[in-house]
Amino acid sequence: VMVYGDNEGAIGYLVGEENRGLEYMFTMMNFARLEVGVEGIAMAERAYQHALDYARQRVQGREIGVKSGDRVSIIHHPDVRRMLMTMKAHTEAMRALAAAAAEALDHALSNPDVETKRRGQAVFDLLTPVVKGWCTEKSVEIASLGVQIHGGMGFVEETGAAQYLRDARITPIYEGTTGIQANDLVGRKLAFEKGFTAKAVIAQIRAFDRELAAHGDHPALSVIRRALTTGVSRLEAATDWLLETYPANAKAAVAGAVPYLKLWGVVAGGWQMARAAVIAKHRLDARSGDHDFYRAKLATARFHAEHILPTAHALEQAIVAGSTSVMALDEASF
């Protein structure tokens, strides 16, 4: 609650020109949306670190398949590993996508070339609702997994895990709910410009296939290539359907707006993870830098390709085939 002058009221001062307040507000809002997306990433990272520390310390049970011997910390158990890898892979993809959006913003603000500046602004505008909406939604899921790794202890204040979940939960609401971000993505960033920037980014993802193809015999990169190829095909199919549907039936298109936003996050995040994997492979081949870091990056990118990118198919189906069922019930039937 903000109180402006308890006794004698408050004085308001005009900032900028009259009748341009909404325009100014959106300038502020676009930066704030990116910042809230980064806040979601920060909450996800902290929840991951907290859960990782606990998983390394909490001793419970023997390793699967071992009938005797000492009990081990829970990080040895496959399902705990699955949860930790899910947290890690999502967070790294989210961080990389936010960095890509920030790079586009840098070009929009500072690049001396007019065309590069324009293209940077367009890509930033496209990715902003994705970074805000997808990263914050995922931060809630990641913080929830952190609670799950702690077990019952995660639900009480002693561990601190529940605090991250509460803190993350507000981020999909700050600066416009996920539905608002998704409507902006479909209406303003896709339909309004007839998919020009979206198609350009999709083409850029497809062009990256050449770099992955150059390492076709590498086990992790070949898996990543197949998954990314399938994922971008699902994104392209959903984009084409929305562009065709929106002019005649905007309600049907908007019914799939949130799945479409998530589809962009999954595929564009997978693209960034694939880029990181190629760099990691080069660094490992050159025996430069931190070997363990690059090996972990490759393994995390492969996990993303095998566990997260395949969800692109389900999201595409929800978009192109699910709009009728969204609106099927009349109000009284709920």
Discussion item. Quick check: closest heavy atoms across Glu175 and Ala32, and the distance to 0.1 Å?
Written reply: CD-CB, 3.7 Å
Fill in: OG-CG distance between Ser323 and Asn249, expressed to the nearest 0.5 angstrom
7.0 Å
Worksheet item: Crowded around Met28 CE? As in, over 12 foreign heavy atoms under 6.0 Å?
Response: yes
Discussion item. For the CZ atom of Phe155 and the CG atom of Leu165, what is their distance to the nearest 0.5 Å?
Written reply: 8.5 Å
Worksheet entry | Validation row: Arg62, Val72 side chains within 4.5 angstrom (heavy atoms) | no
Worksheet item: Yes or no on side chain to side chain contact (heavy atoms under 4.5 Å, CB included) for Arg225 and Asp209, after CA distance, side-chain angles and deciding distance?
Response: CA-CA 7 Å; Arg225 183 189 180 196; Asp209 181 70; 2.7 Å; yes
Worksheet entry | Close side-chain approach of Thr86 and Leu145, heavy atoms under 4.5 Å | yes
Worksheet item: side chain to side chain contact (heavy atoms under 4.5 Å, CB included) between Leu221 and Leu298: does it pass, once the steps are laid out?
Response: CA-CA 8 Å; Leu221 292 180; Leu298 267 173; 4.1 Å; yes
Response to the item:
CE (Met87) and NZ (Lys138) are apart, to the nearest 0.5 Å, by 12.5 Å
Worksheet entry | Thr171 side chain to Ala168 backbone, donor-acceptor under 3.5 Å | yes
Worksheet entry | Side-chain touch Tyr260/Leu190, heavy atoms, less than 4.5 angstrom | yes
Discussion item. Taking atom OH as the centre, does Tyr174 end up with more than 12 heavy-atom neighbours from other residues, nucleotides or ligands that are less than 6.0 angstrom away?
Written reply: no
Fill in: His215 and His282 aromatic centres sub-6.0 Å
yes
Discussion item. Quick check: is Val267 connected to Ile202 through a chain of hydrophobic side chains (ILVMFWY, heavy atoms under 4.5 Å apart)?
Written reply: yes
Discussion item. Rounded to the nearest 0.5 Å, what separates atom OG1 in Thr239 from atom CG in Leu263?
Written reply: 7.0 Å
Discussion item. Other residues, nucleotides and ligands only: do more than 12 of their heavy atoms fall within 6.0 Å of CD1 on Ile11?
Written reply: no
Worksheet item: Out of curiosity, does Tyr246 fall in the hydrophobic cluster containing Leu315 (side-chain heavy atoms, cut-off under 4.5 Å, transitive links)?
Response: yes
Worksheet item: Nearest heavy-atom pair of Ala227 and Ala305: which atoms, and what distance?
Response: CB-O, 3.4 Å
Worksheet item: Does a side-chain heavy-atom distance below 4.5 Å link Lys297 with Glu92?
Response: yes
Worksheet item: When you look at Leu284 and Phe293, which way does the side chain to side chain contact (heavy atoms under 4.5 Å, CB included) test go after all the steps?
Response: CA-CA 10 Å; Leu284 287 169; Phe293 174 82; over 6 Å; no
Practice prompt. Mind running side-chain hydrogen bond (donor to acceptor under 3.5 Å, both in side chains) on Arg166 and Gln163 for me, showing each step along the way?
Written response: CA-CA 5 Å; Arg166 284 197 301 277; Gln163 181 69 56; 2.9 Å; yes
Practice prompt. For Thr245 and Leu242, indicate whether the former's side chain and the latter's backbone hold a donor-acceptor pair under 3.5 Å.
Written response: no
Worksheet item: Should we count CZ of Arg95 as having more than 12 external heavy atoms under 6.0 Å?
Response: yes
Fill in: Any donor-acceptor N or O pair under 3.5 Å, side chains Gln272, Arg275
yes
Item to complete: Return yes when atom CZ of Arg188 has more than 12 non-hydrogen atoms of other residues, nucleotides or ligands closer than 6.0 Å, and no otherwise.
Response: no
Discussion item. Distance check, rounded to the nearest 0.5 Å: His150 atom NE2 versus Glu158 atom CD?
Written reply: 10.5 Å
Practice prompt. Kindly indicate whether the side chain of Phe124, heavy atoms from C-beta on, has any atom under 4.5 Å from the side chain of Glu103.
Written response: no
Worksheet entry | Residue pair Glu45 / Met94, side-chain heavy-atom distance below 4.5 Å | no
Worksheet item: Just by modelled atom types, is the Gly322 backbone N or O under 3.5 Å from a matching donor or acceptor in the Ser325 side chain?
Response: yes
Worksheet entry | Criterion side chain to side chain contact (heavy atoms under 4.5 Å, CB included) on Val15 and Tyr24, from CA distance to verdict | CA-CA 9 Å; Val15 177; Tyr24 298 150; 5.9 Å; no
Discussion item. According to a hydrophobic-cluster definition based on side-chain heavy atoms being under 4.5 Å apart (Ile, Leu, Val, Met, Phe, Trp, Tyr only), do Val123 and Val38 belong together?
Written reply: no
Item to complete: Kindly indicate, with the supporting measurements, whether the criterion side-chain hydrogen bond (donor to acceptor under 3.5 Å, both in side chains) is fulfilled by Ser73 and His76.
Response: CA-CA 6 Å; Ser73 57; His76 290 83; 3.2 Å; yes
Item to complete: Search all heavy atoms of Arg33 against all heavy atoms of Pro129 and return the closest pair with its distance.
Response: NH1-CB, 4.0 Å
Worksheet, complete the sentence: In this structure, CD of Glu316 is separated from OG1 of Thr311 (nearest 0.5 Å) by 12.0 Å
Worksheet item: Glu193 and Thr197: side-chain donor and acceptor closer than 3.5 Å?
Response: yes
Worksheet item: Under the 3.5 angstrom rule, does the side chain of Lys194 hit a backbone N or O of Leu243 as a donor-acceptor pair?
Response: no
Discussion item. Could you check whether atom CD of Gln148 has more than 12 heavy atoms from other residues, nucleotides or ligands sitting under 6.0 Å from it?
Written reply: no
Practice prompt. Determine whether Tyr48 and Leu52 make a side-chain contact, defined as any pair of heavy atoms from C-beta on separated by less than 4.5 Å.
Written response: yes
Fill in: Check against side-chain hydrogen bond (donor to acceptor under 3.5 Å, both in side chains), Glu23 and Thr27
CA-CA 7 Å; Glu23 176 188 343; Thr27 300; 6.0 Å; no
Practice prompt. Taking atom types as modelled, find out whether Gln49 and Asp53 have a side-chain donor-acceptor pair closer than 3.5 angstrom.
Written response: no
Discussion item. Is there a path of hydrophobic side-chain contacts, each under 4.5 Å between heavy atoms of I/L/V/M/F/W/Y residues, joining Leu97 to Met43?
Written reply: no
Worksheet, complete the sentence: Correct closest heavy-atom pair for Thr136 and Pro172 would be OG1-CA, 3.4 Å
Item to complete: Might you point out which heavy atoms bring His77 and Gln60 nearest each other, and give the distance in Å?
Response: NE2-O, 2.7 Å
Item to complete: Could you tell me whether Asp290 atom CG has more than 12 heavy atoms of other residues or ligands within 6.0 Å of it?
Response: yes
Worksheet item: If every non-hydrogen atom of Val223 is compared with every non-hydrogen atom of Arg302, which pair is closest and at what distance?
Response: CG2-NH2, 3.7 Å
Worksheet item: Below 4.5 Å, heavy atoms only, C-beta onward: do Thr128 and Asp184 meet side chain to side chain?
Response: no
Worksheet item: Any luck finding a side-chain donor-acceptor pair between Arg206 and Ser233 under 3.5 Å?
Response: yes
Fill in: Residues Lys117, Asp113: salt bridge by 4.0 Å N-O rule
no
Discussion item. Once you measure the plane-to-plane angle for His90 and His304, does it fall in the parallel (<30°), tilted (30-60°) or perpendicular (>60°) bin?
Written reply: perpendicular
Worksheet entry | same_hphob_cluster(Ile142, Met273) at 4.5 Å side-chain heavy-atom cutoff | no
